[in-house]
Amino acid sequence: MAADKKIRFYHGASTDIDTKIKDGTISESDFIVGSDNDTLYYVDETKTAKALGSAKTKESITVNTGGSAVGGIKDGQVIDAGTSLDDFIKKLLLKQVPATYTKPGVTIAVASGNRAGDYEVGTNISATLKAIFTQNDAGALTSLGIFKSGQSDAIISGAESPVTSEAQEFVIPDGNVIFTATAAYGEGAIKKDNLGNDSPSGHIEAGSVTSNQLWFSGKRNLFYGTGVGSVPELTSEVVRGLGKSILNPKNGQTFDVSVAVGQQYVIIAYPKTLRSMTKCFYVEQNTDLVANFTESTLSVQGANGAAGADYRVYTYGMSVPSAATMTLQVQI
């Protein structure tokens, strides 16, 4: 009876099936998986091998679904000949999810020395800078350079990341000194979507990217202080020697001036680009002393003898030294 027959499976080239049947290796009721064509064969009672089908498509198929998609298969899509059954089922049952691409980036930072930020005009700066390229889904880095504002040539460049400059030494001017990094890179690879298809949309073309900016900004100080005796002759050195300062004051700036016992004058000076002093409230006496100050204009130097700028200089001289501590709340 057929149920008594043993069924065996073989794996080998389809071109060898007839030879194996003749030499008795393969007999009726056996199954053969063609190693060269992924086709399943059954040997019938006449010892004839019959192809039962292939696990791959034999010809390309152009999908025609009337405009709609079926799973991950789109209308008009071509299913290539040789597509495996597993791949076809995946396309049929899974929704296509395109690959995503992350753009490359480059950063610049101070590796050592003075940090980026605001400084008084005339300050001596020394800073070592480092630029780092992050490839992400772009191609390989081809060049990475650090640039200083106003200069077309890089202060340092290379084909590897990171690059680190020599110490950059300069004097802070009125204005800004800015450093950036620029990286050039090749075209990135095309990824596959979740169905194993090429997904080129959005892939990274060859190009360049520029970093954040490092700003070293020159600002002017506000100076204030008190003293004993009469108001001294006003000079840049006197103003800079008042002892208290606020970098980069703005309209609306508030601060307190403490007048110790025995002090007899108050001096407040700040850039003339700002408005006149609006308040000087004497807390202990609950009165405003703005009208008691005399205003004059004086050129006050920056740090380390840097070029001067016009300042509003306010002076208040008391007829006798202060007999008690005074708190003056000042607003520009």
Side-chain angles (χ1 to χ4, degrees), residues 103-134 141 143-158 161-185 207-224 236-237 239-255 268-277 297-313 331-332:
K103 294 180 179 180
V106 61
T107 59
I108 185 172
V110 174
S112 63
N114 296 100
R115 299 298 174 183
D118 292 345
Y119 291 88
E120 186 184 8
V121 172
T123 301
N124 294 316
I125 297 294
S126 178
T128 300
L129 311 177
K130 177 185 286 188
I132 299 175
F133 173 69
T134 303
L141 175 71
S143 68
L144 176 60
I146 296 176
F147 296 83
K148 183 179 181 181
S149 56
Q151 298 180 5
S152 58
D153 294 332
I155 61 176
I156 187 172
S157 62
S161 176
V163 295
T164 303
S165 73
E166 299 289 338
Q168 299 300 297
E169 298 182 347
F170 55 95
V171 176
I172 290 286
D174 263 312
N176 305 304
V177 177
I178 304 172
F179 294 92
T180 57
T182 298
Y185 51 85
S208 64
V209 61
T210 298
S211 71
N212 55 300
Q213 295 183 330
L214 286 184
W215 291 63
F216 293 83
S217 299
K219 306 296 182 181
R220 296 284 174 169
N221 270 337
L222 175 154
F223 299 96
Y224 64 96
S236 176
E237 290 75 14
V239 169
R240 293 192 60 82
L242 289 173
K244 300 289 187 179
S245 64
I246 298 173
L247 183 63
N248 193 27
K250 297 178 174 60
N251 287 329
Q253 180 82 50
T254 60
F255 56 97
I268 299 169
Y270 55 84
K272 199 169 183 179
T273 52
L274 302 178
R275 68 190 181 189
S276 299
M277 184 166 62
T297 299
L298 178 69
S299 178
V300 177
Q301 292 179 328
N304 301 308
D310 283 345
Y311 269 57
R312 297 182 189 274
V313 182
Q331 182 179 53
I332 296 175

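The closest side-chain heavy-atom distance from Ile332 to Leu222 is below 4.5 Å. Residues Val171 and Asn304 form no side-chain contact, since every pair of their non-hydrogen atoms from C-beta on lies 4.5 Å or further apart. Side chains of Asn124 and Glu169 form no contact here, defined as non-hydrogen atoms less than 4.5 Å apart. Between Ser236 and Ser299 there is no side-chain heavy-atom pair separated by less than 4.5 Å. Residues Val110 and Phe216 have side chains in contact (heavy-atom distance under 4.5 Å, counting atoms from C-beta outward).
Trp215 approaches Gln213 most closely through the heavy-atom pair NE1-OE1, 2.9 Å. Closest non-hydrogen pair, Val313 versus Ala269, comes out as CG2-CB, 3.9 Å. Residues Arg240 and Phe223 share a closest heavy-atom pair of NH1-CZ, 3.5 Å. Residues Gln301 and Glu120 approach most closely at O-OE2, 4.3 Å, considering heavy atoms. The two residues Leu141 and Ala183 come nearest to each other via the heavy atoms CD1-CB, 3.9 Å. In terms of heavy-atom proximity, Ile156 sits nearest to Thr164 at CD1-O, 3.0 Å.
Here Asn114 contributes atom CG and Phe170 contributes atom CZ; the two are 8.0 Å apart, rounded to the nearest 0.5 Å. Distance check: Met277 CE to Ile268 CD1 gives 5.0 Å after rounding to the nearest 0.5 Å. Rounding to the nearest 0.5 Å places CD1 of Ile132 at 4.5 Å from OG1 of Thr107. Rounding to the nearest 0.5 Å places CG of Leu129 at 13.0 Å from CZ of Phe147. Taken to the nearest 0.5 Å, the CD1 atom of Ile108 stands 7.5 Å off from the OG atom of Ser165.
The neighbour count for Lys244 NZ, taken as heavy atoms of other residues, nucleotides or ligands under 6.0 Å away, does not exceed 12. Within 6.0 Å of the CD atom in Glu166, the count of heavy atoms belonging to other residues, nucleotides or ligands does not exceed 12. Within a 6.0 Å sphere centred on NZ of Lys148, heavy atoms belonging to other residues, nucleotides or ligands number more than 12.
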Which side-chain N or O atoms in residues 172-182 pair as donor and acceptor under 3.5 Å with protein atoms at least two apart or in another chain?
residue, atom, partner, partner atom, Å
Asp174, OD2, Arg220, NH2, 2.7
Asn176, OD1, Ser217, OG, 2.6
Thr182, OG1, Thr210, OG1, 3.3

side-chain contact (heavy atoms from CB on, under 4.5 Å) assessment of Val209 paired with Lys103: CA-CA 9 Å; Val209 61; Lys103 294 180 179 180; over 6 Å; no
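With sequence neighbours left out, the ring pair (Phe, Tyr, Trp, His ring centres under 6.0 Å) criterion links Tyr224 to Phe255. For Arg275, the salt bridge (charged side-chain N to carboxylate O under 4.0 Å, His left out) test picks out no residue, with sequence neighbours left out.
Note on ring orientation: taking the six-membered ring where Trp is involved, the planes of Phe133 and Tyr185 are parallel (angle under 30°, cut-offs 30° and 60°).
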